[in-house]
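Some notes on the structure that comes next.
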Amino acid sequence: KQDADQLIIDAGQKQFGATTCSSCGMVYSADNPEDNFQHTQFHQSFLDSIRFVGWKKERVVAEFWDGKILLVMPDDPKYATKKADEVRRVADNELGFQQVTLSRPTLAKTYLFVNTARMVVGCLIAEPIRQAYRVLQQPDRLKDMTKDDFMERHRAWCCSTVPEQALCGISRIWVFSLARRQGIATRMLDTVRSTFMYGSHLTKEEIAFSDPTPDGKLFASKYCNT
Ligand code: ACO
Ligand code: ZN
C-alpha cells in the first residue's frame with residue numbers, strides 16, 4: 001500500500017516537479033523559488049511546534065526506552081498548554097480539520113509522546129463522553145477507494161443507530177509521519193486507559209474514536225481487536 005502511494009508521488013514528481021516533504025508533509029515544487037521559500041518557512045514552524053525544550057513541571061505518565069508520555073491538563077501552566085495547542089494545530093492541519101473546537105475544552109486531556117531527541121512525535125486528546133455510536137464496516141465499498149478519496153472515505157463510514165456506553169472519547173490521535181508504526185499510538189492509548197479516570201482502568205470498549213480517518217480506522221480496528 002505504502003509502495004503504491006509512493007509510486008503515485010514519484011510519478012507526480014516527474015510530471016509536475018512536485019515534491020512531498022517526508023517530515024512536514026508539504027507538497028511543493030522544488031524548482032520554484034517561491035514554493036521553496038514557503039516550504040522552508042512552513043517546515044521551520046512545523047519543527048518549532050514539535051520541539052520540546054523541557055518543562056519545570058512535567059506530568060510524566062509513562063516512560064519507555066525511546067521516550068515518555070506527558071499528560072497536559074487544561075489548568076496546567078501556560079508553557080504546557082501552549083505546547084499542547086501548538087501540537088494539536090499541527091495534527092489538525094494534517095487531519096484537514098479547519099477549526100474544530102473541542103467539545104468540552106475544560107475537560108480535555110492531552111497526552112504528548114516526547115522522544116529522546118526532544119520532539120513531540122505523538123499527540124492524543126481524550127475527552128469524557130457518555131455514549132458513542134459504533135462504526136460499522138463496509139469492506140466492499142472501501143476496497144476500491146484510493147487514498148485521495150479521503151472525503152469520500154470519510155463519509156463512507158456508517159454508524160450504528162444504537163448508542164453504546166463509552167467513557168472516553170478520542171477526539172484526536174496523531175503521530176509524526178517519520179515515527180509511525182513504532183507502537184506510539186498504541187502506547188498512548190494504553191496510557192490513556194490507565195490514567196484517564198482516576199482509580200480505574202478503562203476497557204477497550206469504553207474508548208471511542210470520533211470521526212476516524214482511514215489511518216485512524218485501520219489503527220483503531222487493530223487496537224480494539226488485540
Ligand atoms: N495502515 C495499516 N495498519 C495500521 C496503520 C496504517 N496506516 N497504522 C496503524 N496500523 C495498525 C497496524 O496493525 C499496527 O501494528 P504493526 O505496525 O505492528 O502492523 C497497529 O495498528 C499499531 O500501530 P501504531 O504503531 O501503534 O500506530 P502509529 O503510532 O503508527 O499511529 C496513527 C497510528 C495515529 C493513525 C498515525 O498513522 C497517524 O498519525 N496518522 C495521521 C493522522 C490520523 O489519521 N490520525 C487518526 C485520526 S482519527 C482521530 O483522531 C479520532
Ligand atoms: Zn518540510
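Computed from a prediction, not measured in an experiment: that's the story for all the values here. These values consider heavy atoms only, across backbone and side chains, with no hydrogens, waters or symmetry-generated copies. Remember, it's 1-based here, ligands and their atoms both numbered in the order they're listed.
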Would you mind listing which atoms of ligand 1 come within a distance below 4.0 Å of any non-hydrogen atom of Ile184?
-> 26 (O), 29 (O)
If we only count N/O pairs under 3.5 Å, is Leu218 in contact with ligand 1?
-> no
Hey, does Thr186 come in under 3.5 Å of ligand 1, counting only N/O atoms on both sides?
-> yes
Is the closest side-chain heavy-atom distance between Gln38 and Tyr28 below 4.5 Å?
-> no
Using a strict 4.0 Å cut-off to heavy atoms of Arg172, name the atoms of ligand 1 that fall inside it.
-> 50 (O)
If a pair satisfies salt bridge (Lys or Arg N to Asp or Glu O under 4.0 Å) and one of its residues is in residues 192-203, list it, with sequence neighbours excluded.
-> Asp190-Arg193
Taking the Zn ion (ligand 2) as the center, what protein N, O or S atoms are found at less than 2.8 Å?
-> Cys21 SG, Cys24 SG, His39 NE2, His43 ND1
Which atoms from ligand 1 have a heavy atom of Ser210 less than 4.0 Å away?
-> 49 (C), 51 (C)
Counting only heavy atoms, which portion of Ala179 has something under 4.0 Å from ligand 1: side chain, backbone, both, or neither?
-> neither
Got a sec, which residues hit side chain to side chain donor-acceptor pair (under 3.5 Å) with Thr195, two or more places apart in sequence or on another chain?
-> Tyr111
Enumerated ligand 1 atoms positioned under 4.0 Å from heavy atoms of Gly183 | 24 (P), 25 (O), 26 (O)
Counting heavy atoms only, which of Phe113, Phe219, Phe209 is nearest atom 9 (C) of ligand 1?
-> Phe219
Less than 3.5 Å between some nitrogen or oxygen of Leu95 and one of ligand 1, yes or no?
-> no
With a 4.0 Å cut-off on heavy atoms, is Pro214 touching ligand 1?
-> no
Would you call Arg59-Asp76 a salt bridge at under 4.0 Å N-O?
-> yes
Which of the atoms in ligand 1, numbered in the order shown and given with their element, are less than 4.0 Å from a heavy-atom of Asp215?
-> 7 (N), 35 (C), 37 (O), 40 (N), 41 (C), 44 (O)
Please report the closest heavy-atom contact between Trp65 and Thr116, naming both atoms and the distance.
-> O-CG2, 3.8 Å
Going by the order shown, which atoms of ligand 1 are within less than 4.0 Å of some heavy atom of Ile170?
-> 51 (C)
Less than 4.0 Å between a side-chain N and a carboxylate O, is that true for Arg187 and Asp66?
-> yes
Ligand 1 to Arg181 polar contact by distance, N or O atoms, under 3.5 Å = yes
Interatomic spacing from CD in Glu94 to CZ in Phe176 - rounded to 0.5 Å | 9.5 Å
Is Trp174 close to ligand 1, meaning an N/O of one under 3.5 Å from an N/O of the other?
-> no
For ligand 1, note which part of Lys222 has a heavy atom under 4.0 Å away: side chain, backbone, both or neither.
-> side chain
Taking only residues two or more places apart in sequence or in another chain, which ones pass salt bridge (charged side-chain N to carboxylate O under 4.0 Å, His left out) with Asp35?
-> none
SB check Lys83 Glu86 (cutoff 4.0 Å) | yes
When only distance counts, is Val175 in polar contact with ligand 1, meaning an N/O pair under 3.5 Å?
-> yes
Does Met188 belong to the same Ile/Leu/Val/Met/Phe/Trp/Tyr cluster as Phe64, with side-chain heavy atoms less than 4.5 Å apart forming each link?
-> yes
Are side-chain N/O atoms of Ser29 and Asp31 paired as donor and acceptor at under 3.5 Å?
-> yes
OG1/Thr20 to CE/Met26 distance, rounded to the nearest 0.5 angstrom?
-> 10.5 Å
For Leu107 and Pro74, the nearest pair of non-hydrogen atoms, with its separation, is N-CG, 4.3 Å
Could you tell me which atoms of ligand 1, counted from 1 in the order shown, lie closer than 4.0 angstrom to a heavy atom of Pro212?
-> 48 (S)
Between Lys82 and Asp85, does at least one N-O distance fall below 4.0 Å, as a salt bridge requires?
-> no
Structural part of Gln182 in contact with ligand 1, heavy atom criterion under 4.0 angstrom = backbone
Heavy-atom pair with the smallest gap, counting every atom of Ala126 and Cys168 | CB-SG, 3.8 Å
